[in-house]
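As structure tokens, the structure follows; a few thoughts come after it.
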Amino acid sequence: MNFVAFTNFLTALNYHHAELAELTENHYTLQQELADALQALGRSIHSLERDIVISHCEINADHGVGVLLQRLFPNSDELLTIRSHDLYSGQQEFGDRHFLVQGEGFITIAQQVQSLLQYYAPRRLLSVPYFPEDYRISIALKRLYNCPLCVFIMDDQNIYSPQVPDSLVEELLYRADICLGISRPLCDAYEAKFKRKFWFVPPVVQGHLIQTEQPQSWDRSPSERQGVMIGNVWSQQWLDQLRSLCRNTGVKIDWYGNPNRDWLSFTEAELGEDGINFKALCRKMS
């Protein structure tokens, strides 16, 4: 039995056991010891150590998470990325190599991960989860390789938008070595619910883009105010609420974004009637 077949067998046995009974502390400890042993064996066989970023889709400049990751890691030549969905026709502008892993079961995901990473030795993990599959991929990687794991929550899909079950969030946060949140309210909400410390790491921009003087236009009436929104809206509910706000207050907005039309229903003319001027995505701003 070769190394890959042997680890596949152990993975299947491990996941069957985990799905039949709740994880106990002893079982978790044994899992970690097994992962450490497999990781040591893998390092003796493989020569390419890589850090891995887990995201929900391609990392590029067409969405906020992609832009932020590109800003955080401007030199990503030695990073591998794993995603659960293709939302931008496979367009990737980040990392050395990128992999698509699909499937809902832990065993299926673990086997795909092992096959894709057979020539690599995972070193550290950064998980930026959104879909349930992202949580499963991150958990599978941690179970298999026991690398240091950082979880960075940029979008809530559990508390206010209950798309990810508590069990997945609890296990990922339990296994994480450090947890980060993109806003203070998000950190507070996740700390309160899951009893796990979250560190606030805000999205950052270059200093010259930050306005330091109070604008002189606040004395204008609401109907004269013009705002700008940069980025995407990922829920029909949020878009409808924004349209209602602009329609009822008279505030006008120029929206620069590239939303997924499979998720949102609108026309540019209808948005214009509500006061939202939809524009193409501005990828370079000075």
Side-chain angles (χ1 to χ4, degrees), residues 51-73 76 79-106 108-110 112-113 116-117 122 124-143 147 149-173 175-176 179-183 186-187 189-190 194 198 201 203 230-239 257-264 281:
D51 296 332
I52 299 176
V53 177
I54 304 100
S55 65
H56 72 288
C57 70
E58 304 94 320
I59 298 175
N60 55 45
D62 287 344
H63 60 105
V65 171
V67 171
L68 183 55
L69 287 173
Q70 288 177 324
R71 294 288 182 89
L72 292 175
F73 302 100
S76 62
L79 292 177
L80 301 181
T81 66
I82 298 177
R83 64 187 184 277
S84 63
H85 290 73
D86 272 347
L87 302 182
Y88 299 94
S89 302
Q91 177 190 355
Q92 177 85 2
E93 302 168 353
F94 184 86
D96 176 21
R97 297 193 64 187
H98 55 97
F99 304 111
L100 175 66
V101 172
Q102 294 181 308
E104 297 183 357
F106 273 118
T108 300
I109 288 174
Q112 288 183 67
V113 166
L116 292 170
L117 300 182
R124 290 169 297 194
L125 309 174
L126 171 63
S127 174
V128 188
Y130 184 83
F131 297 113
E133 295 90 338
D134 309 326
Y135 284 81
R136 294 188 180 99
I137 292 170
S138 303
I139 293 168
L141 281 164
K142 180 64 174 179
R143 287 182 181 180
C147 302
L149 168 63
C150 172
V151 175
F152 195 169
I153 303 294
M154 297 190 188
D155 293 280
D156 168 50
Q157 287 285 82
N158 173 266
I159 298 178
Y160 298 103
S161 178
Q163 304 302 315
V164 179
D166 288 353
S167 59
L168 284 179
V169 181
E170 287 172 346
E171 181 168 0
L172 182 60
L173 299 185
R175 292 179 178 273
C179 298
L180 312 177
I182 203 169
S183 73
L186 186 148
C187 290
Y190 272 72
F194 295 103
F198 269 77
V201 179
I230 303 174
N232 299 329
V233 179
W234 298 98
S235 163
Q236 187 69 43
Q237 176 187 359
W238 288 110
L239 178 61
N258 183 30
N260 191 315
R261 294 299 185 100
D262 292 336
W263 296 353
L264 300 180
L281 182 70

Verdict with supporting geometry, Leu141 and Leu117, side-chain contact (heavy atoms from CB on, under 4.5 Å): CA-CA 10 Å; Leu141 281 164; Leu117 300 182; 3.7 Å; yes
Worked verdict on Leu116 versus Ile82 for side-chain contact (heavy atoms from CB on, under 4.5 Å): CA-CA 10 Å; Leu116 292 170; Ile82 298 177; 5.9 Å; no
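In plain terms, the two heavy atoms of Val101 and Gln112 that are nearest each other are CA-OE1, 3.7 Å. For the residue pair Phe94 and Leu69, the shortest heavy atom distance occurs at CE1-O, 3.5 Å. Residues Asp62 and Gln91 approach most closely at OD2-OE1, 3.5 Å, considering heavy atoms. For the pair Ser138 and Ile54, the tightest heavy-atom approach, listed with the atom from each and the gap, is OG-CG2, 3.6 Å. Heavy atoms only, all atoms of each residue included: Cys147 and Pro122 are closest at SG-O, 3.2 Å. A pairwise comparison of heavy atoms in Ser76 and Gly95 identifies OG-N, 2.9 Å as the closest pair.
Taking Leu100 as the reference, Arg83, Asp86, Gln102 meet the side chain to side chain contact (heavy atoms under 4.5 Å, CB included) condition, with sequence neighbours excluded. For Gln92, the side-chain hydrogen bond (donor to acceptor under 3.5 Å, both in side chains) partners are Thr81, not counting sequence neighbours. Partners of Phe73 by ring-ring contact (aromatic ring centres under 6.0 Å, His included), not counting sequence neighbours: none found. Asp155 pairs by the salt bridge (charged side-chain N to carboxylate O under 4.0 Å, His left out) definition with nothing, not counting sequence neighbours. Under the side chain to side chain contact (heavy atoms under 4.5 Å, CB included) criterion, Gln163 pairs with Gln157, Ser161, sequence neighbours left out. For the ring-ring contact (aromatic ring centres under 6.0 Å, His included) test, residues two or more places apart in sequence or in another chain that qualify with Tyr190 are Phe194, Phe198. Scored by the side chain to side chain contact (heavy atoms under 4.5 Å, CB included) test, Ser84 finds Phe131, Glu133, Asp134, Ile137 as partners (sequence neighbours excluded). For the side chain to side chain contact (heavy atoms under 4.5 Å, CB included) test, residues two or more places apart in sequence or in another chain that qualify with Ser183 are Pro185, Leu186. Residues that satisfy the side-chain hydrogen bond (donor to acceptor under 3.5 Å, both in side chains) test with Tyr130, not counting sequence neighbours, are absent from this structure.
Remark: of the listed residues His56, His63, His98, His63 is the sole one forming a ring-ring contact (aromatic ring centres under 6.0 Å, His included) with Tyr88.
Taken from CD in Gln70 to CG in Leu72, the straight-line distance is 10.5 Å, to the nearest 0.5 Å. Rounding to the nearest 0.5 Å places CG of Leu180 at 8.0 Å from SG of Cys187.
Inter-residue side-chain proximity for Ile182 and Pro203 is flagged as met; some heavy-atom pair is nearer than 4.5 Å. Counting heavy atoms from C-beta outward, Asp166 and Asn158 have side chains that approach closer than 4.5 Å. Side-chain contact between Ile139 and Ile109 is absent, with no heavy-atom pair separated by less than 4.5 Å.
Judged purely by atom type and a 3.5 angstrom limit, Asp51 uses its side chain to pair as donor or acceptor with the backbone of Arg124.
Of the charged side-chain nitrogens involved, at least one lies within less than 4.0 Å of a carboxylate oxygen, so that Arg143 and Glu171 count as a salt-bridged pair.
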